[in-house]
Structures are given as structure tokens and as C-alpha cells.
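Computed from a predicted model, the values in this text were never measured in an experiment. Labels below follow one simple rule: chain letters A, B, ... track the order of the sequence lines, proteins then strands, and each chain is numbered from 1.
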Amino acid sequence: MTTVDTRARRAERMRMLGQPIAVVVIVGAVLVWAFSGELDSIEKANINAAKLLRDTWDHLVISFVVTAMVVVIAVPLGVIVTRTWARWAAPVVLGVATVGQAAPAIGVLVLFFLWTEWEGLWAAAIPIAVYSLLPVLRNTVVGIQSVEPALVEAGRGTGMSGSAVLRRIELPLAVPLILAGLRTSLVLAVGTATLGAFVNGGGLGLLIDTGYKLNRPTVLITGAVLAVGLALLVDWLGALAERWLGPKGLR
Amino acid sequence: MNLWDFIVDRWDRLLPEAALHASAVIQCTAIATVIGVAIGIGVYRSPAGSAVATALTSAILTVPSFALLGLLIPVLGLGVAPTVVALVLYALLPIVRNTIVGLSGVDIAITDAAKGIGMNRTRVLTRVELRLAWPAILAGIRVATQLLMGIAAIAAYAKGPGLGTEIFSGLVRAGSANATNQALAGTLGIIILALIVDGAFVLLGRLTIPRGIRD
């Protein structure tokens with residue numbers, strides 16, 4: 001299996017180098033193309049620096065609110081279901097989360113909107129957070145469960161309390177997996193945030209929707225390419241974080 | 001009208017939509033399997049080729065599905081064409097990656113033995129390597145179908161077929177009597193389809209994985 005591992009690492013290295021370059025080139029080219037053409041009044045209202053920046057900013061805000069919610073909910077929940085007294089709950093929680101992820105993102109978003117009648121940031125962020133919870137939850141559970149029992153025993157043997165074992169042994173060893181899950185969640189969140197426009201949450205999906213409904217391909221393409229660029233960039237930052245935030249001893 | 005009455009009432013429309021949804025997902029997965037396994041076979045012997053194929057397909061998976069659909073509309077118009085292209089592209093990553101992992105995980109001693117009894121390269125591939133890699137490839141195909149179930153719902157935005165139509169018309173009719181029922185019927189329908197197809201894959205695995213390598 002070692003060849004498989006080196007190949008996966010090699011693909012990862014290639015993306016670390018190629019991805020930011022591709023983002024800059026593609027987004028740059030599309031922006032130049034969009035701004036250099038003859039724009040009518042609708043296009044001018046959508047393709048200008050202020051509007052593009054605001055949509056991108058809204059998109060990032062949704063994504064980061066989602067990520068914050070995912071971390072705050074999924075990591076503690078994952079820790080709880082790996083404690084001895086709650087171990088029976090782990091398969092139940094993971095099962096529910098897995099079935100939950102089989103639900104289409106757009107369905108979850110629309111249903112939340114119809115039930116609460118909320119609009120805006122939270123109407124987008126809460127259902128997207130529910131939808132992108134699973135990767136972090138699963139990886140927290142798997143990461144803690146796969147810690148060598150001998151290490152936990154050794155911790156107890158040196159007189160550590162249960163919470164000290166958790167803080168100083170189990171969690172640090174699970175961090176690489178949790179970060180990998182977080183990267184997956186983050187990419188899911190940035191992708192799903194394009195749907196936030198349907199519930200007036202703003203974001204780059206708004207440009208796509210406007211361009212489609214008003215038949216302005218330039219607006220549509222600009223919004224879509226910015227969304228693609230943002231997703232690739234966030235994924236790249238996630239890869240960097242995975243590399244640098246893990247415990248030094250495990251690199 | 002409660003959800004149950006709604007489903008009974010609209011059954012003659014929901015059923016064909018569910019069938020279209022499942023058939024779009026299954027057909028696109030089939031196309032992606034042919035392309036993905038072919039790519040996997042083409043690159044698995046070369047480390048650089050495998051890395052490029054994996055990096056490219058995983059970059060595609062990062063692209064938001066709504067943005068990709070948006071980009072396809074000006075090029076391909078509305079309806080079936082953008083749906084099929086988007087679904088096939090998203091299904092590629094799990095299939096290509098698992099084909100490469102499965103094929104390069106085959107023990108060299110086994111392929112040497114196959115050559116030793118006089119098999120040529122094609123026969124080693126079709127009779128030994130692909131069969132040993134099949135559980136991994138099948139797992140990739142299964143992941144791909146689950147992924148496509150949700151993406152196919154978004155494709156209804158570009159007038160693609162399937163249950164996503166119900167979700168979007170529920171959104172448009174927000175406030176009217178059956179809006180929630182519509183969105184709920186579409187969402188639950190997709191979850192049920194996903195579970196049925198997942199079960200079918202377990203069965204397919206039992207039928208197609210060679211007896212010698214079942215766990």
C-alpha cells in the first residue's frame with residue numbers, strides 16, 4: 001500500500017502548487033474579460049468592484065459561520081460519543097448523520113426556509129452547517145477511537161485524569177483526522193453557500209441566479225468563476241492548515 | 001393537505017420524477033464508470049500520471065455544483081445536456097481514484113505469476129488485476145451514486161429531470177398551501193432513492209466480487 005500512499009501525497013503536492021496558480025489565472029482572465037466588454041445597465045449593476053467584493057464577502061461570511069458552527073457542534077459531540085459511558089451512542093449518531101448527508105443540500109435549505117420563514121445569513125448558514133457536519137463528526141469519532149489503547153493506558157498509568165488523557169493524548173493524536181474532516185466540511189460549506197442566494201443569504205450564487213434569470217451570461221459566468229476560484233482557494237488554505245496545524249510529532 | 005395525502009394525490013407525477021432522477025443518476029454513473037475506469041487503467045502504471053489524474057479529478061470535485069451548472073448553461077443550454085455533463089464530471093473522482101488505488105494495490109507477485117503461466121498484458125489486466133481491484137472500484141462507484149443523488153436535485157435549476165423539480169417549485173411557491181409538502185416530498189424521495197440504490201450496491205457486490213477475495 002506504500003506506493004498508493006506516495007501517489008496520493010504526490011497528487012496532493014501537485015494541487016498545493018497548481019491550485020493557487022490556476023485560481024489566479026482563471027479568475028484574472030474572466031475578470032479582465034468581463035470588465036473589458038460592452039456592458040449594458042443590468043450588467044453594470046452587477047459587474048463592478050463593489051458588488052463583486054460584497055458578494056464574495058457575503059459568501060465567505062456564510063462559509064466561516066458554517067465552519068465555526070460545525071467545529072463547535074461536531075467536535076464536542078464526537079468527543080462525547082467516544083466516552084466510555086456514551087459509547088453505545090456512537091453508531092446511532094454516525095448513522096443519523098450519514099442518512100442526513102444523503103439528503104440533498106438544496107432540499108435541506110429549502111425546507112428550513114419554508115419551515116422557519118427566515119431569510120438571510122442564518123437561513124443559509126444553519127441548514128448548510130447541518131449538512132456539512134458529518135465529515136468533522138465522523139473523523140473526530142474515528143480519530144479518537146483509533147488512538148492506541150496502550151497510549152491511553154500509559155497516560156492513566158502516569159496518573160493522568162480522564163480529562164487530562166483526553167486533552168493531552170486522545171485529542172492531539174486525533175487532530176490530523178479532525179483537520180482533514182474540517183477541510184472536507186469547509187469545501188462543502190463554500191460549495192453549498194452558492195445556494196444561499198435562494199434564501200436571500202447573498203453570496204456568489206446571487207450573481208449566477210441573476211445572470212441566469214435576466215439572461216446575462218457575462219454576469220452568470222463571472223459569478224460562477226468567482227465561486228469556483230473561491231472554493232479552490234479555500235480548499236488550498238485547508239490543505240495548508242492540515243499541514244501546519246497538526247501536532248509536530250506526527251508530521 | 002398533509003404530506004401523505006399530498007403524496008397520494010400527486011403520485012402519478014412524483015413516481016415518474018423519481019424514476020427519472022434514479023435513471024439520470026444511474027446512467028451518468030455508468031458513463032462515468034466507463035470513462036473513469038479507462039482513465040484509471042491508462043495511468044495506474046505511471047506514478048506521475050496517477051498523480052495528475054487524481055489531482056485534476058479532485059479539483060473538479062471542489063467546484064461548487066451550482067457554479068458548474070451555471071457555467072454549463074451558456075454553453076449547452078438547458079435540460080438534459082448540462083445535467084449529464086455535470087453529473088458525469090462529479091462522478092469521476094471517486095471512480096478514478098479507487099480504480100488507481102485498486103489496480104496499484106494488486107500484489108506484484110500475483111501479476112508475475114499470471115505472466116508466468118503465459119498470460120499477455122491484456123489478459124493479466126482483465127482476468128487478474130481488474131478482478132482483484134473490483135471491490136475498490138465498486139466502492140468508488142457507490143460513493144459516486146450517493147454524491148450524484150444530491151447534485152441531480154440542483155440540476156433541476158437548469159431544467160434537468162428528477163425530484164429536484166419538486167424542491168424548486170416548493171421554493172418558488174413559498175407561502176402557498178402545498179409548498180412545504182412539495183419540497184418535503186422531493187427531499188424525502190431523494191433520501192429514499194439514495195438508500196435503495198445503496199442497498200442495491202451491497203447486493204451487486206455480493207453477486208460480482210469474485211468468491212476468492214470476499215471478506
J.: Could you point out which residue of A:L188, A:T194, A:L195 forms a side-chain contact (heavy atoms from CB on, under 4.5 Å) with B:P64?
T.: A:T194

J.: Could you tell me which of B:I151, B:L68, B:L147, B:L71 has the largest number of non-hydrogen atom pairs under 4.5 Å with chain A?
T.: B:L71

J.: When the ring planes of B:Y157 and A:Y212 are compared, do they come out parallel, tilted or perpendicular, using 30° and 60° as the limits?
T.: tilted

J.: Under a 4.5 Å heavy-atom cutoff, which of A:R13, A:E117, A:R10 has the most pairs with chain B?
T.: A:R10

J.: Contact part of A:D209 toward chain B, heavy-atom cut-off under 4.5 Å: side chain, backbone, both or neither?
T.: both

J.: If you measure from OG on B:S58 to CD on A:Q19, what distance do you get to the nearest 0.5 Å?
T.: 7.5 Å

J.: Name the region of B:A48, side chain, backbone, both or neither, that has any atom closer than 4.5 Å to a heavy atom of chain A.
T.: both

J.: Rounded at 0.5 Å granularity, tell me how far CD in B:Q182 sits from CG in A:L114.
T.: 10.0 Å

J.: Less than 4.5 Å to any heavy atom of chain B: does that hold for the side chain of A:A227, its backbone, both, or neither?
T.: both

J.: In terms of heavy-atom pairs under 4.5 Å, which option from A:L232, A:V225, A:L207, A:L109 contacts chain B the most?
T.: A:L232

J.: For atom CH2 of A:W33, is the number of surrounding heavy atoms from other residues, nucleotides or ligands below 6.0 Å larger than 12?
T.: yes

J.: Considering only heavy atoms, which portion of A:I221 lies under 4.5 Å from any heavy atom of chain B: side chain, backbone, both, or neither?
T.: both

J.: Determine which residues belonging to residues 184-202 of chain B lie within contact range of chain A, meaning some heavy atom pair is under 4.5 Å apart, and list them by number or answer 'none'.
T.: B:L184, B:T187, B:I190, B:I191, B:A194

J.: Can you name the closest pair of heavy atoms from B:A174 and A:F113 and give their distance?
T.: CB-CE2, 3.8 Å

J.: If you count heavy-atom pairs under 4.5 Å between each of A:T184, A:V234, A:V108, A:V110 and chain B, which one has the most?
T.: A:V110

J.: A:V187 versus chain B, heavy atoms under 4.5 Å apart: side chain, backbone, both or neither?
T.: side chain

J.: Would you say that more than 12 heavy atoms from the other residues, nucleotides or ligands in this model lie under 6.0 Å from the CZ of B:R173, or not?
T.: no

J.: Please flag which part of B:T62 lies under 4.5 Å from any non-hydrogen atom of chain A: side chain, backbone, both or neither.
T.: both

J.: Is the number of heavy atoms from other residues, nucleotides or ligands under 6.0 Å of B:R206 CZ greater than 12?
T.: no

J.: If you compare all heavy atoms of A:L111 against all heavy atoms of B:A183, which two are closest, and at what distance to 0.1 Å?
T.: CD2-CB, 3.7 Å

J.: When you look at CZ of B:R13, are more than 12 heavy atoms from neighbouring residues, nucleotides or ligands closer to it than 6.0 Å?
T.: yes

J.: Quick check: do A:I106 and B:F168 have side-chain heavy atoms less than 4.5 Å from each other?
T.: yes

J.: Determine which residues belonging to residues 73-83 of chain B lie within contact range of chain A, meaning some heavy atom pair is under 4.5 Å apart, and list them by number or answer 'none'.
T.: B:I73, B:P74, B:L78

J.: Going by ring pair (Phe, Tyr, Trp, His ring centres under 6.0 Å), name the pairs with one or both residues in residues 85-111 of chain B, residues two or more places apart or in two chains.
T.: none

J.: What residue, out of B:A53, B:G150, B:A55, has the most heavy-atom pairs lying under 4.5 Å from chain A?
T.: B:A55

J.: Which heavy-atom pair separates B:A59 from A:R15 by the least distance, and what is that distance?
T.: CA-NH2, 3.8 Å

J.: Which atom pairs, donor and acceptor, lie under 3.5 Å between side-chain atoms of residues 15-23 of chain B and protein residues at least two apart or in another chain?
T.:
residue: B:H21; atom: ND1; partner: B:L163; partner atom: N; Å: 3.1
residue: B:H21; atom: NE2; partner: B:M149; partner atom: O; Å: 3.0
residue: B:S23; atom: OG; partner: B:L20; partner atom: O; Å: 3.4

J.: Identify the two heavy atoms, one from B:I167 and one from A:P104, that lie closest to each other, and give their separation to 0.1 Å.
T.: CD1-CG, 4.2 Å

